[in-house]
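Comments concern the structure below.
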Amino acid sequence: MHRWSKLFVPTLREAPADAEVASHKFLLRAGYIRQLGAGIYNYLFLGQRSLNKIIAIVREEMDTIGQEFYLPAILPREPWEQSGRWTGMGDNMFRLKDRKGADLCLGMTHEEIMTTIARSELRSYKQLPQIWYQIQTKFRDEPRPKSGLLRVRQFTMKDSYSFDIDKAGLDKSFELHDGIYRRIFSRCGLKFVAVEADSGAMGGSQSQEFMVYTDAGEDLIASCPVCGYAANLEKATSRLEAVAEMEPTGDGKPELVHTPGKGAIADVAEFFKISAAQDIKCVAYMALKRGAAGKPDTWHGVAAFLRGDHQVNETKLLGVVGGAELRTMQAAELEQYLKGPAGFLGPVGLVHDTKPLEDGLTVVVDKSLEGRKNLVAGANKLDYHFRNVTPGRDFTWTVSADIRSVNEGEGCPRIEATGSGCVGKLVVGKAVEIGHIFKLGYKYSESMGARVLDPNGKEVTPIMGSYGIGIERILTAAIEQSNDQHGFWLTGAIAPFAVVVTVTNIGDAVLRETGEKLAAELEAAGLDVLLDDRDERAGVKFKDADLIGIPYRINVGKKAAGGQVELVTRATASSVDVALNEVVAQVKARTQEDARHSF
RNA sequence: CGGGGAGUGGCUCAGCCUGGUAGAGCACCUGGUUCGGGACCAGGGGGUCGGAGGUUCGAAUCCUCUCUCCCCGACCA
């Protein structure tokens, strides 16, 4: 039993001015954390206690499918050199030198290190599959830490790695993680969704993120309320309504039209009396291509064409061209690659490479332009556009692919088994990522030389999966989804305490002894109990209790003489009088009920 | 890295424009009265005004440089 009068729980009446999102404010006000630097936090008693409970759940569940390791956080350069990520990680990697001048870094993820273990120890298919995990502190030099514990430079992650002999094995490891992650997040009381995600720079095939909807989140999720389709906006697709085409004018060939000052899409549409969907938008980028081992990185011109009313999805575009970074072209580069000024760029007459990111220009056309006719496009000449532009006939491309972001209200892309499409309309919402599972493939096992013998005595490369859970983000997301003006509430499984016993007047010996006895009984019943025995006014104790996330409160006050106490449920702020000799059983029952409801 | 904002007691902020003995509320300590939704009265402690340099008889205030933090964007295995 913990007595509040002896604890360090520095609650704040007001939130520090630089706290913006709800979880940040409440973590500070409730005395869970204190900031030390940008994206660097001290975890105080309540915060650490809650995180420890989350970790215990993660560990208990993970132990059913994997084995816990503990790898170093400070890592030598060599493994990163071998995987190509010493340079690939860029400035996000914290780097340091030891006294001999050797390069080291602080671990931001551990694919390389796990793979070195696999490489030196695994010899036979008989040793597979393996699932190895750890709960470790990670370091990432984020360009912009923010939102309290949501985006930080030091954080705790459960990361696991699977090694399988073949794709079927990887599928199995992936499914195991999917199932166990759902159990973990449910036990933590989170309302989450699993979404299709981009596999990004990590390479690999299938990728799934676990997200919690909240306006504090940094990701956008498109989902279908009808069939349950859900995907990160970086990955989401949609079914588009057909667009009415314009009738050709003149001889139907591209026709140069003087459009003075009409550089913006809206102006062009207005000028031609067309919808933006009938205009072709051009966004010109320079894409960074990582050099092969020992070769320098290089920049290449990329022109992206899509419907005037669509937005480029840079993640998709990067994936299509195989680049590492994008930035928009400068005026001089526009002149060099497209021979035209911004606002009047178009695909007609462009000379492009046949493969992405070679010496000339890479032209990428969004799928939605294919099959369209008689569109309007810039003429790569100041104050001129073409009309009657038909993709395929009047211009070609290096690659045609989905490079756009879906918009809310567009049709769900899912096709039913019957062959008919889902009739739902997509909705887009903000969310925070709490977990990510994906199939890495052979990227690390191959580059780092991990090999085992298969049943035929043939040397094969194990296939890998990588799976992460952000521990602090579970806490943050839980607070984001359950808070009000007074504070927040966590489910008993991850709250620092399952119940707080508030003795309204500690100066009253009878109340004090009643509270002590009750707290002892609650503890004997297996509940984590906090006894508020502070010499404070009742109002102060109520306010504090409402603030710090504990799901149940028992008030030991006036009615205690008559054998009654109040049981207050934080989530609903509802209060019931309960007989003193029944309250332990009630709290116990409710806590167990909450845990069951999680599934 | 681009744009914006802020550094004054533990917290929230005023004072700065127009230079002249550093303030308020909350928190903290002592005494008293209170005691079921962040009490009241009286007394008290605590701040090199982020740092460095400059202007001036005199700088929290004006000038230069610098550090840090927050927000928007870029970025985000």
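Letters go in sequence order (proteins before strands), and every chain restarts at 1. For the numbers below, each heavy atom of this structure counts, side chains included, while hydrogens, waters and symmetry mates do not.
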Please tell me which of Ile469(A) and Pro145(A) maps to the more 5' nucleotide of RNA chain B, matching each residue to the nucleotide holding its nearest heavy atom.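 First, find each residue's nearest nucleotide; the 5'-ward one identifies Pro145(A).
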
Heavy-atom nearest nucleotide on RNA chain B for Ala17(A) versus Ala538(A): which residue maps closer to 5'?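 The residue whose closest nucleotide sits nearer the 5' end is Ala17(A).
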
Specify the residues of residues 153-161 of chain A, ordered by number, for which at least one heavy atom lies under 4.0 angstrom from an atom of RNA chain B.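 Under 4.0 Å from RNA chain B: Met157(A).
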
Given the structure, check if the side chain of Asn505(A) and the base of rG36(B) hold any donor-acceptor pair shorter than 3.5 Å.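 Result: no qualifying N/O pair found.
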
Under 3.5 Å, is there a donor on one side chain and an acceptor on the other for His436(A) and Gln208(A)? no

Which one is paired to [N], where only Watson-Crick or G-U wobble pairs with both distances under 3.5 angstrom count?
N	value
rA14(B)	none
rG45(B)	none
rC57(B)	rG20(B)

Carboxylate-amine/guanidinium proximity below 4.0 Å for [X] and [Y]:
X	Y	answer
Asp546(A)	Arg553(A)	yes
Arg151(A)	Glu142(A)	yes
Arg153(A)	Asp141(A)	yes
Arg182(A)	Asp178(A)	yes

Does the side chain to side chain donor-acceptor pair (under 3.5 Å) test come out yes or no for Thr237(A) and Asp402(A), once each step is laid out? CA-CA 8 Å; Thr237(A) 58; Asp402(A) 173 22; 5.6 Å; no

Any chance the rings of Tyr161(A) and Trp132(A) have centres within less than 6.0 Å? no

Is the distance between the ring centroids of Tyr133(A) and His177(A) under 6.0 Å? no

Using the C1' atom in both, what is the distance from rU12(B) to rA52(B), to the nearest Å?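 My reading of the C1' atoms in rU12(B) and rA52(B) gives 29 Å.
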
Can you tell which of Arg537(A), Arg534(A), Arg29(A) makes a salt bridge (charged side-chain N to carboxylate O under 4.0 Å, His left out) with Asp544(A)?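 For Asp544(A), the salt bridge (charged side-chain N to carboxylate O under 4.0 Å, His left out) check succeeds only for Arg534(A).
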
When all nucleic acid strands are considered with a 4.0 Å heavy-atom cut-off, which category describes [X]: base, sugar-phosphate, or nothing?
X	answer
Pro143(A)	base
Ala19(A)	nothing
Asp508(A)	nothing
Ser147(A)	sugar-phosphate

Arg327(A) has an atom CZ; how far is it from atom P of rG2(B), in whole Å? 15 Å

Output the rounded distance in Å from CG (Asp91(A)) to P (rA74(B)). 18 Å

Nucleotide by nucleotide, 5' to 3', does protein get under 4.0 Å of the base (B), only the sugar-phosphate (S), or neither (-) in nucleotides 26-34 of chain B, counting heavy atoms? SS------B

